[in-house]
Amino acid sequence: MAEIESKVPDIGGHGDVPVIEILVAVGDTVKKDQGLVTLESDKATMEVPAVADGVIKVLKVKLGDSVSEGAVIAVIESALPSPAGQSTADAVLPSPSGRGAGGEAAAVESARPASNQARPSPQPLSRGERGSEPAPQAASGKQADIECQMVVIGAGPGGYTAAFRSADLGLDTVLIERYATLGGVCLNVGCIPSKALLHAADVIEQASHASDYGVDFGKPKISIDKLRGYKDGVVGQLTKGLAGMAKQRKVRVVQGVAKFVSANELEITGSDGKTQLLRFAHCIIAAGSQPVKLPAFPWDDARIMDSTDALNLAEVPKRLLVVGGGIIGLEMATVYRALGAEVTVVEFMSQLMPGADADLVKPLADRLKKQGVAVHLKTKVVDAKAQKNGIACSFEGESIPDGKLYDRVLVSVGRSANGGKLDADKAGVLVGERGLIPVDAQMRTNVPHIFAIGDLVGQPMLAHKATHEGKLAAEVAAGEKKEWVARVIPSVAYTDPEIAWVGVTETEAKAKGLKVGVGKFPWAASGRAIGLARTEGFTKLIFDEDSHRVIGGGIAGVHAGELISEVALAIEMGCEVHDIGSTIHPHPTLGESVGMAAEVYDGSITDLYIPKKR
C-alpha cells in the first residue's frame, strides 16, 4: 500500500482560495479524479480531485481554510502508486519542455521568469499517463451537411475572437452559437449589460452628492423599462457589430447546440429540433460556463435569481438578498442599491472578494456600510423557502442578518464549466469531473487537432483571458509556433469604488515567503481625486526587493479598472521602480498615482512627507 498526497493544482495564479465544501471524510473510499473538496475564487468554483483509487487516510483541510497551489488536501492510501510517483494535481501543471499535446516542440515567443508569471492553462497528462483518456467513436460515415477547416463552438469573447482570427489566417471557418446573437454570456448577459447598468448606478450616485458642491438635481425618477431598454440597446449595438464582422470575414455562423459525434464530426441541433452533421479538420471549444446553482434554493421560483436573471431587471425589489460577496454579487448589489433596493450581502468567508488584498477591499466595504448595505461575513444561507410574501431564509455563522424575508434573492457563488455537456468523450477529449478540459500551453487538448479556451479550461474565468487564448489557439491551428506567455492577468470589480489588481498580491507574497516591498500612494493626496470628491482610494505597487522590479499592484478607487493596465504592462515589460517613477505622468490625473506609488517605494516622493527610517 502507498500513501499518496492530493494537492491543489494550478488555479490560475490565485492564492489563498477558500475551501467552501468538504466532499469526503476520513475512511471514505474514493476513485481517481473524484472530487475531495470544493474551492471558490472570486468568479468560479472548482474541485480538487483524488489522485488515485483508495481510502482517505488524512484530511489536511477543514471548511473555511484558505489554500494555494501545491497545498496538500488529503492523503490517500492506495494499492497502486500514481504514475512515476506524480499526483494528478502535479501532472496537470505545465511541463518545462514546452511540448504541445501532439508531441511537437513549440517555439516560445518570449522567455519569462518563473516567478511572477501567470501559469499557462493546465496541460494534459503525458502519453504514459493517459490511462483515463476516453476512446474516440468511429466516424459516422454519413455525408456531412457542412464541411470546414475550422469550427469554433461558442461565440463568446474567446469564441468569436478565435473564429475571426482563424478566418483572417485563411481557414474556412464555421462558428456555432446556441443563441440568436453572437457575444456569449459576456456580451449578452454578463460583462457588457452589467457595465451599462453600473454606469446608470454611478450617475445616480454622483447626482445624489452633487448638492455637496452646490448643484442640486433632486431625487431621481427611475423608469425601469427605459433603463432596461438602454441596457438592451448597448448589447444590441455590439451584437450587430459582431454579426457584421463575421459576414465581412466570410465566417459561417450556425445557430444550434453542438455535440461531438467523433474526433472530426459534430452534430448541431437547431431550435426547431432539426440536426446537421458538420465535419471539421480543426476545432476550438469555447463553450464557456454557467452560474452555480446551490441546492438550498427553490430555483423554480422566479424570485430566486442568478446573474443572468438579475441583469434582466424585471423589477427593483424592496428587499434584496445577495448570496456571495464576490465580484459579480457586489456589482449587482451596487446596481440594485442605487435603484432603491434595501440590499443585504452574505459571504461565507471573512472578507468580501476573497481573491483581493484586504486593504483593497476596505474602501468598498466602508462605502457600502455608509450607503446602508448590510454585509454579513462568515455567514451562509442554510435554507430558503418560497412564500407568497417573499423568500424566507435561515442563516448560520458569525453575523446573522436581522431580516429573514426577502422579495428577491440573488445567488452569486461562482460559475461551473460547460465542458461536460458536449459529448467530448466521443472525440476522445479528456474532460474533468467539473467540466474543465485540460489543455497545454498552446491550448491543445489531449487530441492534437482539438483546442479548448476560456472558462472551461480553468481559472481565471475572465473574458480578456479567453480572448487572448482564442487568438492563440487559432494561430497555432494555422501553423504558427506560439505558446501562452502572459505573465499576469488583471482582475477588476466594477463596484463603487472600483477595485483592480494584477500580479502578486501582498497576501500571496506573504504566504509564499517572497521578499517584497510596497509603495502605496493615498488618493487623499491626489489633486484629481480631491476635485472628484473621491479620496477614499489608493494605488499600491509591489516590488521584488532584490531586483526592484514591479511584480504586482492594486488600485482601489473610481476608474481603477482603467488605471490597472499600466501596472500590467509594467510587469510584462519587467519595469523597475525607476522606470515607473521616472515616467512623466500628466497632472492632475488619477493615473499619476501609479508613478507616485513608485516614488513612495523609492523614497523620492515629494507629494507626501514620509520620515526616513533610521
Heavy atoms only: give me the nearest [X]-[Y] pair and the separation to one decimal.
| X | Y | result |
| --- | --- | --- |
| I453 | A473 | CG2-CB, 4.0 Å |
| S6 | I76 | OG-CD1, 3.6 Å |
| W299 | L294 | NE1-O, 2.8 Å |
| P401 | V346 | CG-CG1, 3.8 Å |
| N418 | A287 | ND2-O, 3.0 Å |
| G159 | A286 | CA-CB, 3.7 Å |

- Restricting to pairs with a member in residues 447-458, which pass salt bridge (Lys or Arg N to Asp or Glu O under 4.0 Å), not counting sequence neighbours? none
- Show your working on side chain to side chain contact (heavy atoms under 4.5 Å, CB included) between T334 and Y494 and close with a plain yes or no. CA-CA 9 Å; T334 298; Y494 297 88; over 6 Å; no
Quick check on [X]: does its [atom1] atom have over 12 non-hydrogen neighbours (other residues, nucleotides or ligands) under 6.0 Å away?
| X | atom1 | value |
| --- | --- | --- |
| R178 | CZ | no |
| D402 | CG | no |
| H468 | NE2 | no |

Do any N or O atoms from the side chain of [X] and from the backbone of [Y] form a donor-acceptor pair under 3.5 angstrom?
| X | Y | result |
| --- | --- | --- |
| Y336 | A310 | yes |
| S78 | A2 | no |
| Q137 | V261 | no |
| D440 | M443 | yes |
| T467 | K465 | no |
| E398 | L377 | no |
| Q290 | S416 | no |
| R303 | Q387 | yes |
| Q34 | A50 | no |
| E77 | K57 | no |

Less than 4.5 Å apart, any side-chain heavy atom of [X] and any of [Y]?
| X | Y | result |
| --- | --- | --- |
| V323 | V413 | yes |
| V58 | K60 | yes |
| V429 | N446 | yes |
| K426 | E267 | no |
| T445 | L430 | no |
| C393 | K404 | no |
| S194 | M332 | yes |
| H376 | T344 | yes |

Rounded to the nearest 0.5 Å, what's the gap from [atom1] on [X] to [atom2] on [Y]? Could you check?
| X | Y | atom1 | atom2 | value |
| --- | --- | --- | --- | --- |
| I304 | I391 | CD1 | CD1 | 4.0 Å |
| C186 | M461 | SG | CE | 14.0 Å |
| L321 | R408 | CG | CZ | 13.5 Å |
| S491 | H464 | OG | NE2 | 6.0 Å |
| I542 | L514 | CD1 | CG | 10.0 Å |
| K293 | D306 | NZ | CG | 5.0 Å |

- Item | Pairs touching residues 350-362 that satisfy side-chain hydrogen bond (donor to acceptor under 3.5 Å, both in side chains), sequence neighbours left out | D357-T507, D357-K540, D359-K520, D359-K540, K362-D366
- Task: Going by the side-chain contact (heavy atoms from CB on, under 4.5 Å) test, name the single residue among V48, D28, T38 that passes it with L23.
- Result: T38
- Task: Hey, can you tell me if F280 and H449 have their rings parallel, tilted or perpendicular (30° and 60° cut-offs)?
- Result: tilted
- Please test I56 against L36 for side chain to side chain contact (heavy atoms under 4.5 Å, CB included), starting from the C-alpha separation and ending with a verdict. CA-CA 9 Å; I56 301 294; L36 303 178; 3.9 Å; yes
- Query: Can you name the side-chain contact (heavy atoms from CB on, under 4.5 Å) partners of A556, sequence neighbours left out?
  - Reply: L360, P363, F538
- Going through the checks in order, is the side chain to side chain contact (heavy atoms under 4.5 Å, CB included) test met by I450 and I285? CA-CA 7 Å; I450 299 178; I285 307 171; 3.8 Å; yes
- Run the numbers on L368 and L330 for side chain to side chain contact (heavy atoms under 4.5 Å, CB included), then give the verdict. CA-CA 10 Å; L368 289 173; L330 292 176; 4.2 Å; yes
